[in-house]
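Numbers here simply count residues along the sequence, with the first being 1.
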Amino acid sequence: MDLEALKKDFLLAADPARARLLARFFKTGKGEYAEGDKFLGLTVPATRTLAKKYAVLPLKAVQELLSSPWHEHRLCALLLLCEKFRAAPEVRKAVFELYLRNTRRINNWDLVDVSAPRVVGGWLLDKSRAPLYRLAASTLLWERRIAMLACFTFICEGDAADALKIARLLLGDRHDLMHKAVGWMLREVGKRCSERELLAFLRANYARLPRTALRYAIERFPERKRKRLLAGDFR
């Protein structure tokens with residue numbers, strides 16, 4: 001089981017027609033957020049299967065895979081990092097550090113979302129959250145999304161504090177993908193931690209909150225309440 005064998009398996013599973021569809025779906029055109037990214041055309045379940053098959057690949061090989069121009073290679077590398085983080089506590093620090101060295105290669109929302117909670121959130125769960133605030137202040141969209149999505153791990157443990165602080169820092173973000181990420185994590189705060197905390201945040205920040213983020217944050221509420229909240233009525 002080596003990296004070259006994995007790459008051959010990727011080629012065997014490649015689907016050029018699906019690759020063209022994925023390139024459009026993930027916005028790879030000129031001026032779009034994933035400009036120039038390349039796809040082989042594998043489904044996510046197929047990529048997960050390959051990650052399981054090659055789970056024994058060493059971190060050096062995973063780093064090389066993460067440096068690939070092919071999107072599915074990078075997804076597989078991140079799935080491998082998540083599995084190593086879960087299965088081998090002795091390599092967690094190395095996995096986390098490798099991840100942060102390669103944030104420019106974790107360059108689409110699916111890559112961030114599948115990995116940031118497990119690796120970044122998992123490592124920082126019992127540590128200082130300072131790295132998240134550096135990421136949240138980044139000019140790189142994907143680092144900002146990593147900061148927000150990593151908070152999902154804390155939210156699942158009933159801790160909303162950093163999610164709310166980082167959401168507040170990102171209220172002025174201009175990118176729609178960040179509006180969605182912020183709204184998603186706010187919704188999870190209301191679902192898993194405290195609806196009262198969510199509503200207090202929305203009330204305090206209503207004037208600055210992008211509409212997309214607000215809609216995501218309140219989508220679990222009944223329709224009548226959603227309409228009131230969208231109008232700024234927090235009675």
Side-chain angles (χ1 to χ4, degrees), residues 1-30 32-125 131 135 140-143 145-147 149-150 152-153 156 177 181:
M1 295 280 181
D2 61 18
L3 186 57
E4 291 310 310
L6 172 56
K7 289 180 178 179
K8 288 178 181 177
D9 278 350
F10 267 113
L11 290 176
L12 288 173
D15 181 340
R18 178 179 289 275
R20 290 189 290 273
L21 292 173
L22 290 171
R24 289 195 293 273
F25 178 75
F26 283 106
K27 307 298 184 184
T28 65
K30 186 173 179 58
E32 294 182 310
Y33 60 73
E35 180 178 349
D37 203 358
K38 297 168 59 178
F39 288 82
L40 290 164
L42 278 76
T43 64
V44 172
T47 303
R48 288 186 180 276
T49 297
L50 289 177
K52 290 179 181 178
K53 179 178 177 180
Y54 289 88
V56 297
L57 283 178
L59 283 179
K60 184 178 180 180
V62 177
Q63 167 69 77
E64 185 175 341
L65 196 63
L66 190 54
S67 302
S68 171
W70 296 106
H71 187 98
E72 292 92 341
H73 284 183
R74 300 196 303 281
L75 174 58
C76 185
L78 293 166
L79 293 170
L80 287 166
L81 288 180
C82 288
E83 178 56 25
K84 290 179 183 299
F85 190 93
R86 184 197 67 80
E90 69 276 8
V91 303
R92 286 179 179 173
K93 185 173 188 289
V95 167
F96 172 75
E97 291 175 346
L98 187 155
Y99 190 97
L100 287 193
R101 287 197 304 270
N102 288 276
T103 51
R104 291 188 177 277
R105 298 183 174 97
I106 307 169
N107 57 349
N108 214 312
W109 57 264
D110 63 319
L111 303 180
V112 171
D113 297 1
V114 79
S115 60
R118 174 63 61 84
V119 175
V120 181
W123 178 252
L124 298 178
L125 187 60
L135 291 168
L140 183 64
L141 165 64
W142 308 117
E143 290 191 336
R145 189 165 174 112
I146 287 168
L149 265 292
F152 184 59
T153 302
C156 289
L177 286 176

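- Looking at heavy atoms from C-beta onward, C76 lies out of side-chain contact with H73 at the 4.5 angstrom threshold.
- Considering only heavy atoms from C-beta on, R74 comes within 4.5 Å of N107 through its side chain.
- Atom CZ of R92 is surrounded by more than 12 heavy atoms from other residues, nucleotides or ligands within 6.0 Å.
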Steps toward salt bridge (Lys or Arg N to Asp or Glu O under 4.0 Å) verdict (E97, K93): CA-CA 6 Å; E97 291 175 346; K93 185 173 188 289; 2.5 Å; yes
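- For the atom pair CG of L80 and CG of L59, the computed distance is 9.5 Å after rounding to the nearest 0.5 Å.
- With a 4.5 Å cut-off on side-chain heavy atoms, F96 and L124 count as touching.
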Residues Y54, L3; criterion side chain to side chain contact (heavy atoms under 4.5 Å, CB included); working and verdict: CA-CA 8 Å; Y54 289 88; L3 186 57; over 6 Å; no
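- Looking at every heavy atom in both residues, K84 comes nearest to V56 through NZ-C, 4.2 Å.
- Between D15 and T43, the closest side-chain pair of non-hydrogen atoms is not below 4.5 Å.
- The side-chain heavy atoms of L98 and L66, taken from C-beta on, include a pair separated by under 4.5 Å.
- Using a 4.0 Å cut-off between a side-chain N of Lys or Arg and a carboxylate O of Asp or Glu, K8 and E4 do not qualify as a salt bridge.
- By the 4.5 Å heavy-atom criterion applied to side chains, L177 and W142 are counted as neighbours.
- Expressed to the nearest 0.5 Å, how far CG of N108 lies from CG of L22 amounts to 10.5 Å.
- Between K38 and T28 the shortest side-chain heavy-atom distance does not fall below 4.5 Å.
- The pair R145-D113 meets the salt-bridge criterion, since a charged nitrogen lies less than 4.0 angstrom from a carboxylate oxygen.
- The aromatic rings of F39 and F26 lie parallel to each other, with less than 30° between the two planes, well short of the 60° mark.
- Here N102 contributes atom CG and L111 contributes atom CG; the two are 12.0 Å apart, rounded to the nearest 0.5 Å.
- The closest side-chain heavy-atom distance from L42 to L75 is not below 4.5 Å.
- Using modelled atom types and a 3.5 Å distance limit, the side chains of E72 and T47 yield no donor-acceptor pair.
- The minimum heavy-atom distance between C82 and S115, with the atom names listed, is SG-CA, 3.7 Å.
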